[in-house]
**Q** 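Pasting in a structure now, in structure tokens, and then I'll have a few things to ask.
This one's a predicted model, so the numbers in the text were calculated from it and none came from an experiment. The chain is numbered in sequence order, starting from 1.
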Amino acid sequence: MSPNNNMYNINVLGFGGRAPAQVLDLLARASKECGINQITPNRSQSIQPALLQPPYRTFLKGSGGECKAINSLLVYCLPTTVTEYLGFSTEAESVRSKILTSGGVTSTVVAVYDPSSDSILGGSVDDVLTAVTGNEQIQSSLAAAALTALSGLDAAAVQQAVGPTKRRDIVIVVGSGGREHALAVALAQSPLVSEVLCCPGNGGTASEENPKIKNKGANQDNDTVIALTKEVGARMVVVGPEAPLVAGLVDQMAVECPDVLCFGPSKAAAELEASKAFSKDFLQECGIPTAKYRTFTNPEEAIKYVESLDDNDRQVVKASGLAAGKGVLLPNSKQETIEAVKEIMSDKAFGDAGDTCVIESFLTGPEASCFALCDGKTAVLMPAAQDHKRALDNDQGLNTGGMGAYAPAPCVTPDVQKEIEAMCKKTVEKMAERGTPYVGLLYAGMMLTPDGPYVLEFNCRFGDPETQVVLPLLETDLYEVMTACCTGKLDSVDVRFKEGVAAATVVCAAKGYPETYPKGMEIIGLDETKAIDGVKVYHAGTKLDDQSVTRCSGGRVLAVTGLGANLKAALQTAYKGVNAISFVDANGDQLMHNRSDIGRKALQKKLRIGVLGSTRGTALIPVMEACASGTVHAEIVAVVSNKAEAPILEKGQSLGPTVVSKFISSNGLSRSEYDAECTAALVGAGAEYVLCVGYMRILSASFCKFWSGRCINVHPSLLPLHAGGMDLEVHQAVLDAGEQETGCTIHEVTEKVDGGPILIQKKVTVANDDTAESLKGKVQHLEGIAFVEAIQSYTKVKVISYADAGVSIDAGNDLVEMIKPFCKATRRAGCDADLGGFGGLFDLAAAGYNANETVLIGATDGVGTKLRIAQITKKHSTVGIDLVAMCVNDLIVAGGEPLFFLDYFATGHLEIEEAAEVVKGIAEGCRQAGCGLIGGETAEMPSMYAPGDYDLAGFSVGAVQKGRILPQGIVAGDMLLGLPSSGIHSNGFSLVRKLIEKEGLSYGSPCPWDSNVETVGDSLLTPTKIYVKACLPLLKKGLVKGMAHITGGGLLENLPRTLPKGIGAEITSHPSLPSVFAWMKNASGLDDTEMLRTFNCGVGMVLVVDKTVAVEAKQMLLDSGEPVFDMGYLVAGNGVKMMTTLSKGMLESSSAEAVSVDVGMEGDQSSATTLDPTGSSAADASKSISREELTDLVRAIKFANPDASQRQVYREITQEIPKRFPQFAFLQESSNSEDGSLTSVVQFNDVRKVWKKATQQQNPSQETSPCNNNNADLAERLKELKVAPQLYTVGDASRNLSGGETSSSVANEYMTAFLSQQQQDASSDKADEHLQDYVHVFLNVPADTSGKRPHQALINFQAPSTTRQTSNISSKKKKHGKKKVTLAPAVTSTTALKADDNSPFEDAVIVKIQMAAPMNEQDTVQYPMLLYDQSRKIKTFIHPSSTKDGEEVDGYVKIADWISKVGVGGAVGQKGGTKAYFYGRLTAVEKKKTGMEDILSVYIKELAPPQEW
């Protein structure tokens, strides 16, 4: 059988970072001369890059030359230390096995390299090659030498394991941070170390799994460390922080403990960190790249220097001395730079550290943290790391000590690594020349600028948190490495690092860091992290308490490190550990913060492109432009050519000095050797993907194997046509073949020329007059575009869907569709967007607001831990109402009307039904608040929330006129009105949950404070009350001066927030504690003050009103169905003073107060009376219903049926009052009527219903309507009933309409009776009192033959034209220039208007007033007109024929001014007259005198402009 070069291989074992020349020579010759095509390095990461370099120029996978070998080859690097030998004993066993089992066809030659003698044991390179080709004698000699060397290591290992000379060294680690914990863990892994004592250490080193690690020593000062060293007989002291080094610990140790090794620089050498001025001078003297700088000791000189700089020359300002990592300022402008100088030098922000100031040029580029191990003579660079200084994601927030790190840093390429190592070596050499040898760890902070790596600064110790990712990658025994550094023998130790391993660490900090943060939280989950493969938790700010519980004691608490095969895997592992940990305080609150984006930029790094080219490289230009513009996420890092004068090299040079632009000569080299050298250049530059752009060479098989799938070429034809051709010959072949189209092809490079997989093809048409040259121009134009598309395709990552990540897009879409009906139900004027769009729209003008006079108010809030109860009980329908309430109640406190609402729902896994329930509740809250739910965000974030958990946030926007922003005008003497809460609302639930637990209850337990509610959970989930609809009418009428929403902090904390300085509150009465609060008070033991600071205690909103309008304000609240109670007054002073106790309640702390009800004219205070069946103003209080009784009844009904509408509540009250209160038993007989017999009593000023029920009471035999009575009787009855005749409605009069009668005839009957009474009064002294010639009667009629719906009919009546003179009018003669006022007919039309069928109001009425004559803007109002203003009033004005120009005189105003102020729709100056419209339902009337006129005010409920406006 003939030899086959695929049968043999070379295995290279244990060389780590070493690449000895004779071993490389052996490997290259074995491949080329013996024909062995496969070289496999194991734990020998330096071999491949070194082999590619001249003079070896060898790929690990050869090209298949003649095979002369009859044996495989194993090259083994003899361990230099016992620890390495013990650590990788399996390697030695495999070597023995190969030697002892060799023989037969596949026998292996074993060659052992001894680093100490730099030789191959038992022979030379030639001898090994001879053995590979069949010399058995030499093979035996090599084997014998190998076994002898291994036997020697065996003997040393036995001595270390069980012999009398076994090392038992004690190491002291100085410091207490995460860095020191990582050092202790790494040192304790050494078999030479018996103890690692941390001085003083932290909670992690005190509880470390490795029993070698202990805490000892109270602090880290020099005297403590030296005393401890002597006490325990330590062999080595490793100094973590910089302070002891700068304080001279190493120098002091050398004097007092000369036999103890000390890892760290002397005080003189530590000047590299202690003085930035010294460091910068040193770098400049040594020619090591650093930023341009100047140092100053005089602030005036420093400022003068800054002023001399160009405005665009950005600077960095540094305090020269040690400033705990905070002495570097990064100003953005010249003025900021001057301020930074003053801060450091004049203001002494960093103390004496700022006596000297360094000002240096601002550098750009990625930063890297580079650690170099130093022995005073040389340096070995460890893998570079990158850290994250900012506190928040996306590099936002304040600077910190570091929030995470990873290594190796992808931005540090092999070439850059060599450059930085050379700088560190030069630093050590120059420090030695100065007589201050540097021993220990040199930390070089590097900036990778477009001009190459620059040193930003030096530190004389390990960095934190970089140490936590670099040390886990170290393969060599750290103790042996440090020993070599301390003894000047670093070159004798192979400092090697793990192959194919990356590390990432995430810092877990206390919430609030780097500013004020809490301490003492228990750290949960540390045991769980131990079970996660690849995770190690390093402690920093931790301590153990007396019960050995690990608690937080600092800002940066933990660094959770994960290892993985690559950076992505390492980050995933680290975050698994982070997710298992929490910091929990005594209240159960989570107080841990960590960044979630550590390493994200590194994972998203640009593709590094290398280029091979021989020509102009025209096709490279589009690629360069695409890289620069970001069209492709890539960068060109190397351009290599086989032509010294190739213009493509100029294109590479134009990209900057960091881009390798290199000519490599092929003279005397084989194809494979040349390709190896090119590959070395590309790999050194960090290239990951190669473009062949006009490359006029055939690539070797070895090159194709190395770059398989990562190298592409452009061919100037549509492959497979004309494969193998080049340049013009291809185009000519196209023409010769008569092809009608051609183009270019991007294909992968393989051993088969132009035969690799096709990726992209671009086509052009061949014209009849084309030549090879013209065709080349056409095709060449497409080549660059094709390259760009190919790169874009390559950089596309494997598609991983949202579903793969645990997020269901379909579920999100389904949820949107499910909740759309809920949201549409909240539409209001101004809403103009459907759910599911990118944004919700709102039209202010459509909502009735003038943008120039409107201020928008925003409010945001959440529901808090009340959500936990909803999640536990799986009852989600009410927390949405809570969310809306917490936002909109805050809006109205500022005087605003809520316009729209948006929500944020976040969960780990989207449960559609659950989320829909929540959003349904939000929609219900919006409906109650009268605002539109115009959008929201549903975020499904796997791993962020535990199963079943979700969180809510709400955002609401409201509007208020500029002049009505609250609070305003608050003074001493103002009254406080309280509105009841519905329960606990949404604050205080952390305490509530703890009390429930304390009392041994669950949320499913029977409710102990309310037998009407089934469970504790049901009661606690009672939604927060929304006060918008009750309070908004008062706000629009201007009755409220201020409001306080009683949320977290209770009455005592929230009420002062609305009061001006110098104004306090006296609470003279407070409602009795509702049962839930009474239970909480008893269970907690809280006193009144703490209860009032924790809970709302039954008061959810407090209003501040002027005492002169208090009655009116209360009446409006009562009309809306909102109970209200007096709470006290404002006084001079500050804060809230309780004049009563919670235990007394309202009725015990003040006189038994009955509800005051106005059953007459709103403004007539004499008509106020208690709520009693007789209507008498002198009613016996014992026969009346007290406020507390009525309030309790309303609450009971609402608790029994929380979803009941206002009408339903009224009906229930109607049915219950006759049963509970005997004095109202006469109402029992009609309690089941549609309207409810007592509705008028509850609504109070509903004049129609009071009149109706009074009629029934006094004359039960009378018909429902008195319309059949004669006029005189009607007028008399109106007087007897004391019902205001100025304006009234006819209720259900239409029920008795009989054949032939119309709405107009019935109304005219009433009108005639009313006018008859007025005519009788005209000559009496009551004339002024009844000066009202025009009455508009609204009829509540059923549908008739015309098809009109109920509540749509309108009858306007024309009164006889009258001339009347009164004493009041005549007294105004001089002012108005007229003795008499002629009142023209008010109305000429009796048209009934058709209501909008889409009107949302059940009781909507449209009123049209058409004037008798046209009007223009200069005319004054001479006719009565119903006016609608923003206080929701309709006013009838009687005006004279003229007024002062532009002024209001006694309430008279020009039409133009009236239009602008009132804003009523309608046209001025129309031929047919002026029209005005309104919607509304009559609820009350008010009569006021203004000198020459009576103004009749009509209060309208549910008023809104019609769509025609």
Side-chain angles (χ1 to χ4, degrees), residues 271-369 386-392 394-402 411 444-459 514-515 601 628 630 656-658:
E271 274 291 284
L272 283 174
E273 178 172 1
S275 171
K276 292 181 176 64
F278 169 81
S279 176
K280 297 292 287 189
D281 290 343
F282 174 84
L283 289 166
Q284 188 176 61
E285 291 171 7
C286 299
I288 298 173
T290 190
K292 175 186 173 184
Y293 75 100
R294 288 278 301 275
T295 59
F296 299 92
T297 56
N298 185 299
E300 287 75 17
E301 293 180 4
I303 293 171
K304 186 175 180 181
Y305 168 71
V306 173
E307 290 173 339
S308 70
L309 297 172
D310 185 88
D311 288 342
N312 296 323
D313 190 0
R314 188 178 175 188
Q315 301 291 302
V316 178
V317 185
K318 299 179 178 180
S320 178
L322 294 178
K326 300 177 182 179
V328 178
L329 303 181
L330 303 173
N332 292 304
S333 65
K334 181 181 288 188
Q335 184 57 42
E336 287 184 13
T337 306
I338 292 172
E339 294 302 320
V341 170
K342 292 178 180 178
E343 182 178 349
I344 290 175
M345 302 192 74
S346 302
D347 300 340
K348 296 293 184 183
F350 307 107
D352 294 342
D355 288 348
T356 299
C357 178
V358 177
I359 303 175
E360 65 179 42
S361 296
F362 183 84
L363 300 177
T364 60
E367 292 187 49
S369 301
Q386 285 187 292
D387 74 339
H388 298 66
K389 290 295 186 186
R390 298 282 187 171
L392 306 178
N394 300 314
D395 292 327
Q396 300 296 309
L398 299 174
N399 268 327
T400 69
C411 61
M446 305 299 300
M447 179 71 80
L448 309 183
T449 77
D451 296 321
Y454 276 55
V455 176
L456 290 175
E457 63 181 6
F458 281 133
N459 293 309
E515 297 183 294
K601 290 182 179 179
T658 58

**Q** Is the backbone of Glu367 close enough, under 3.5 Å, to the side chain of Gln386 for a donor and an acceptor to pair up by distance?
**A** yes
**Q** What heavy-atom pair brings Ala277 and Thr295 nearest, and what distance separates the two atoms?
**A** CB-CG2, 3.8 Å
**Q** Can you give me the closest heavy-atom contact between Leu329 and Glu343, atom names plus distance?
**A** CD1-OE1, 3.7 Å
**Q** Is there a donor-acceptor pair under 3.5 Å between the side chain of Lys334 and the backbone N or O of Leu309?
**A** yes
**Q** How long is the span from the OG1 atom in Thr290 to the CG atom in Leu456, to the nearest 0.5 Å?
**A** 7.0 Å
**Q** For a 4.5 angstrom cut-off between non-hydrogen side-chain atoms, does Leu330 reach Arg314?
**A** yes
**Q** Please report the interatomic distance CD(Gln335) to CD(Glu307), rounded to the nearest 0.5 Å.
**A** 8.5 Å
**Q** What are the two closest heavy atoms between Val341 and Pro299, and how far apart are they?
**A** CG1-O, 4.2 Å
**Q** Would you say that Pro331 contacts Val317 through its side chain, given a criterion of any heavy-atom pair below 4.5 Å between the two side chains?
**A** yes
**Q** Could you tell me whether Asp395 and Arg390 make a salt bridge, using a distance below 4.0 angstrom between a side-chain N and a carboxylate O?
**A** no
**Q** Closer than 3.5 angstrom, by distance alone: can the side chain of Thr400 be matched with the main-chain N or O of Lys389 as a donor-acceptor pair?
**A** yes
**Q** Dump the intermediate steps for side chain to side chain contact (heavy atoms under 4.5 Å, CB included) on Leu392 and Asn394, then the final yes or no.
**A** CA-CA 7 Å; Leu392 306 178; Asn394 300 314; over 6 Å; no
**Q** What's the separation between atom CD1 in Ile359 and atom CZ in Arg294, rounded to the nearest 0.5 Å?
**A** 8.5 Å
**Q** Report the distance from atom OG1 of Thr364 to atom CE of Met447, rounding to the nearest 0.5 Å.
**A** 7.0 Å
**Q** Just verifying a value: how many Å separate Met345 CE and Phe350 CZ, rounded to the nearest 0.5 Å?
**A** 13.0 Å
**Q** Side chains of Gln315 and Val306, heavy atoms from C-beta outward: is any pair under 4.5 Å?
**A** no
**Q** Heavy-atom count around Asp281 CG within 6.0 Å, excluding the residue itself: above 12?
**A** yes
**Q** Can you name the nearest heavy-atom pair linking Val455 to Leu283, along with the distance?
**A** CG1-CD1, 3.8 Å
**Q** Using a 4.5 Å cut-off on heavy atoms from C-beta on, say whether the side chain of Asp355 contacts that of Ser320.
**A** no
**Q** Determine yes or no for a side-chain-to-main-chain donor-acceptor pair under 3.5 angstrom, with Glu300 supplying the side chain and Asn298 the backbone.
**A** no
**Q** Can you tell me which residue among Gln284, Glu360, Lys280 is in a side-chain hydrogen bond (donor to acceptor under 3.5 Å, both in side chains) with Tyr293?
**A** Gln284
**Q** What's the shortest heavy-atom distance between Pro657 and Asp451, and which atoms?
**A** CG-OD1, 3.4 Å
**Q** Search all heavy atoms of Ala291 against all heavy atoms of Ser361 and return the closest pair with its distance.
**A** CB-O, 3.5 Å
**Q** Working to the nearest 0.5 Å, report the span between CG of Leu448 and CG of Leu363.
**A** 11.0 Å
**Q** For Lys304, does the NZ atom sit with more than 12 other heavy atoms under 6.0 Å from it, leaving out its own atoms?
**A** no
